Every structure is written in structure tokens, then in C-alpha cells.
There are 2 protein chains.
Amino acid sequence: MSKQDGRVDLGLTSVQECWSPLVGEPLDESRAAELSRVFKAMGDPVRLRLLSLIASHAGGEACVCDLTDVFELTGPTISHHLKVLREAGLITGERRGTWVYYRVLPEALGRLSEVLTPATVSELSIPAPAQGDAVVGT
Amino acid sequence: MSKQDGRVDLGLTSVQECWSPLVGEPLDESRAAELSRVFKAMGDPVRLRLLSLIASHAGGEACVCDLTDVFELTGPTISHHLKVLREAGLITGERRGTWVYYRVLPEALGRLSEVLTPATVSELSIPAPAQGDAVVGT
DNA sequence: ATCTTGCTTCGACATACGTCTATATTTACA
DNA sequence: TGTAAATATAGACGTATGTCGAAGCAAGAT
């Protein structure tokens with residue numbers, strides 16, 4: 001994907017460290033399984049909104065009652081979705097008194113964005129290492 | 001989620017543009033539906049590997065025959081998964097002669113990473129706008 | 001023309017998933 | 001102790017999804 005066609009040539013030969021895991025080299029079976037579990041958890045509109053509601057809630061956390069009201073779904077259904085997000089490692093829940101508070105695990109989102117971001121570092125508005133090119137680690 | 005707790009305060013008051021859509025404000029129903037369709041497409045190990053294989057293949061594209069060999073799955077199944085990725089807007093296919101070549105749509109990955117990245121910009125190694133803070137557009 | 005090869009579509013099937021109601025569990029409070 | 005409120009779990013049910021084999025469609029080869 002470098003020299004012989006019309007696309008950007010970053011002048012890198014040992015490129016792997018610079019590219020995302022996704023586009024740099026074929027994902028191996030186990031990493032794909034691992035990653036797909038997280039994406040699958042986000043592959044439902046209700047769960048995405050839950051994630052977003054939790055993340056954007058004041059204090060970075062939200063109790064289940066805050067979340068249940070937003071949807072026209074029963075408690076058990078919300079509880080189920082929260083469990084899926086929890087088991088995907090995207091959120092964590094803590095009981096305080098009668099209520100259970102959920103918050104997003106930032107590392108999880110971070111790892112995910114790592115998978116996607118570098119793929120398009122040249123096309124995005126993210127300030128890429130400017131006279132970069134020489135950045136290749138080792 | 002800014003001043004009153006122990007977390008990073010970027011000194012921003014009108015913060016939305018700086019945060020990802022996901023953590024900045026609750027995702028509205030239609031955007032969540034839209035996004036979740038893409039995540040759902042990536043929520044399968046085979047499809048993730050297909051995406052990765054296409055992206056990392058020489059020339060940035062791969063023909064279906066290149067992909068089929070990698071898996072112990074029948075042609076129709078691979079074809080089905082490619083269709084899902086296509087309909088999610090993640091890849092595009094072009095017929096040249098007998099073969100069909102697929103390539104990843106970089107904007108799609110870009111948009112996705114936009115959703116995730118800024119959420120953790122402070123914890124990642126991505127060079128964030130340095131004396132930034134003033135970056136808030138309008 | 002007909003055959004072959006590469007890929008897609010169709011139809012069927014088993015399993016996974018989202019939702020519900022009913023029931024359990026945990027904690028607070030009278 | 002008992003009752004009420006907030007979540008979670010269990011079980012059931014319909015729909016969606018991943019997989020396959022068989023059949024269809026293009027495009028080159030004979």
C-alpha cells in the first residue's frame with residue numbers, strides 16, 4: 001500500500017508501530033475475538049446510549065435509576081444491557097446504599113480508539129507529528 | 001464532570017467541541033442507531049479480521065479469493081460478511097474482470113475514531129493541541 | 001457456444017439476542 | 001421485624017444472525 005499507487009507514501013519501511021493494529025497487520029484470531037466482543041457490546045443502540053449517558057453524566061457516573069427513566073424499557077432490560085457493557089469491560093458498577101452507580105472505564109475506550117485512530121491519522125484533523133515521517137520507533 | 005471532582009480540568013467552559021460525541025453529551029436516538037449499526041458490523045470476529053485483512057493487504061485492497069482462503073468458512077459465508085461490512089459503509093467493492101476487489105473506506109474508520117478518541121485524549125500518547133485550551137472553535 | 005472460475009443470492013436451520021414478566025436479593029427505614 | 005424501594009436473576013418467547021448447500025450470474029477461456 002505504499003509506492004506503486006497514487007496514495008500517500010509516508011516514506012516508512014518498518015511501518016507497523018505507526019499503524020493501528022487493525023490496518024497495520026491482519027488481526028490474529030484471538031485478538032479479533034477479544035475486540036469483537038467489545039464492538040458487539042456497542043452494537044446496540046440502547047447500549048450505546050447507556051454508555052453515552054453514563055459518560056456524559058455529571059460526576060462521570062450515573063445510577064441505574066437515572067438511566068431507566070430515559071428509555072421506554074423495563075428495568076430488567078436495562079439491567080441486562082448494563083451487564084453486557086460490564087462484561088465487555090466498558091463500564092464498572094459500584095453499589096452505594098440502595099443504588100448502583102456505573103461509570104465508564106476510560107482505558108477501554110482508549111484501547112478501542114487506539115485500534116481505529118492511527119489508521120487515518122493523515123486524513124484527520126488530529127495534529128499528527130508534523131515533520132514526522134522519521135517517527136518510526138526503532 | 002469538570003470542576004468538583006478530582007479529574008482533569010482542561011479549563012474549558014464550553015466543552016462540547018472538545019469531547020467526543022459519545023462522552024460529551026448523551027447520544028440522541030437516531031445517531032445512536034446509526035453508530036450502533038457500524039459497531040454491530042464490527043462485532044463479529046470474522047468481519048473484524050476481514051476488515052483488517054483488507055486494510056493491511058498490499059495495495060490497500062484484497063480480492064475475495066485472498067480472503068476466503070484465510071478462513072475455514074464457505075464462500076457464501078464470506079460473501080455474506082463482506083455484504084454486512086459494505087452495508088455498514090466500512091468497505092467498498094469493485095469488480096475488475098473475474099475478481100471483486102474490496103478496500104476499506106478510511107473516512108468510516110475516521111468517523112468512528114472521532115467518536116472514541118477525544119474521550120481519552122489526555123491519557124493517550126496522541127499529541128494533543130499543546131498550548132491548546134484556546135482551541136474551542138467559536 | 002459452452003465450460004470454468006470467482007463471487008453473490010436464496011432458502012433452510014440452529015443458535016444467539018433483546019425484551020418481557022415473575023421472582024430473588026440487597027439495603028433502608030418504620 | 002416487617003415493609004418498601006432499587007437492582008439483579010431466571011425463564012420464556014419471538015426475532016435476528018451466522019452458517020451451510022444449492023442455484024444464479026458474470027466474465028474469461030476453449
Side-chain angles (χ1 to χ4, degrees), chain A residues 27 29 32-54 57 59 61-88 90-104, chain B residues 27 29 32-54 57 59 61-103:
Chain A
L27 233 42
E29 215 166 329
E34 190 185 327
L35 262 177
S36 69
R37 252 178 285 122
V38 184
F39 283 127
K40 185 185 294 195
M42 298 203 293
D44 178 279
V46 174
R47 286 197 292 267
L48 258 193
R49 290 178 69 197
L50 282 171
L51 201 59
S52 178
L53 280 166
I54 296 168
H57 199 270
E61 65 182 13
C63 89
V64 180
C65 56
D66 292 327
L67 305 169
T68 307
D69 298 345
V70 178
F71 302 89
E72 300 199 331
L73 293 169
T74 63
T77 298
I78 298 298
S79 203
H80 161 70
H81 285 305
L82 289 171
K83 186 181 191 176
V84 173
L85 290 171
R86 221 186 314 128
E87 289 177 342
L90 285 166
I91 61 175
T92 181
E94 182 200 354
R95 164 155 237 146
R96 289 207 296 278
T98 312
W99 298 274
V100 175
Y101 293 89
Y102 281 96
R103 48 177 63 240
V104 171
Chain B
L27 233 43
E29 218 166 329
E34 190 186 327
L35 262 177
S36 69
R37 256 180 281 121
V38 184
F39 283 127
K40 185 186 291 198
M42 298 203 292
D44 177 281
V46 174
R47 286 197 291 267
L48 258 193
R49 290 178 69 198
L50 282 170
L51 201 59
S52 178
L53 279 165
I54 295 168
H57 199 271
E61 64 181 13
C63 89
V64 179
C65 57
D66 292 327
L67 304 169
T68 308
D69 299 345
V70 178
F71 302 89
E72 300 199 332
L73 292 171
T74 64
T77 298
I78 298 298
S79 203
H80 161 70
H81 284 306
L82 289 171
K83 184 182 193 176
V84 173
L85 289 171
R86 217 184 320 125
E87 289 179 340
L90 285 165
I91 61 175
T92 182
E94 181 200 355
R95 164 156 237 146
R96 288 208 295 279
T98 312
W99 296 275
V100 175
Y101 293 88
Y102 280 97
R103 52 176 59 243

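Lettering of chains follows the sequences in order, A, B, ..., and the numbering in each one begins at 1. The model shown is predicted, which means the values in this text are computed figures rather than measured ones.
Side-chain nitrogen and oxygen atoms of A/Arg96 include none within less than 4.0 Å of the OP1 or OP2 phosphate oxygen of C/dT27. Close to C/dT27, at under 4.0 Å from its OP1 or OP2, lies no side-chain N or O of A/Thr98. Checking the phosphate oxygens (OP1, OP2) of C/dT19, no side-chain nitrogen or oxygen of A/Thr77 falls inside 4.0 Å. Between D/dA16 and B/Lys40, no contact under 4.0 Å exists linking OP1 or OP2 to a side-chain N or O. OP1 or OP2 of C/dT19 lies within a sub-4.0 Å distance of a side-chain N or O belonging to A/His81. At least one side-chain nitrogen or oxygen of A/Thr74 sits closer than 4.0 Å to the OP1 or OP2 atom of C/dC20. Residue B/Arg95 places no side-chain N or O under 4.0 Å from the OP1 or OP2 atom of D/dC25.
No engagement by A/Gly75 is indicated, since no non-hydrogen atom pair under 4.0 Å with the nucleic acid exists. Contact annotation for A/Tyr102: backbone-only contact, meaning every heavy-atom pair under 4.0 Å involves sugar-phosphate atoms and none involves a base. As judged by a 4.0 angstrom heavy-atom cut-off over every strand, B/Leu73 is placed among residues touching the sugar-phosphate backbone only.
Note: CG (A/Asp66) to P (D/dT7) measures 8 Å, nearest angstrom. Taking atom CD1 of A/Ile78 as the reference point, atom P of D/dA8 lies 11 Å away to the nearest angstrom.
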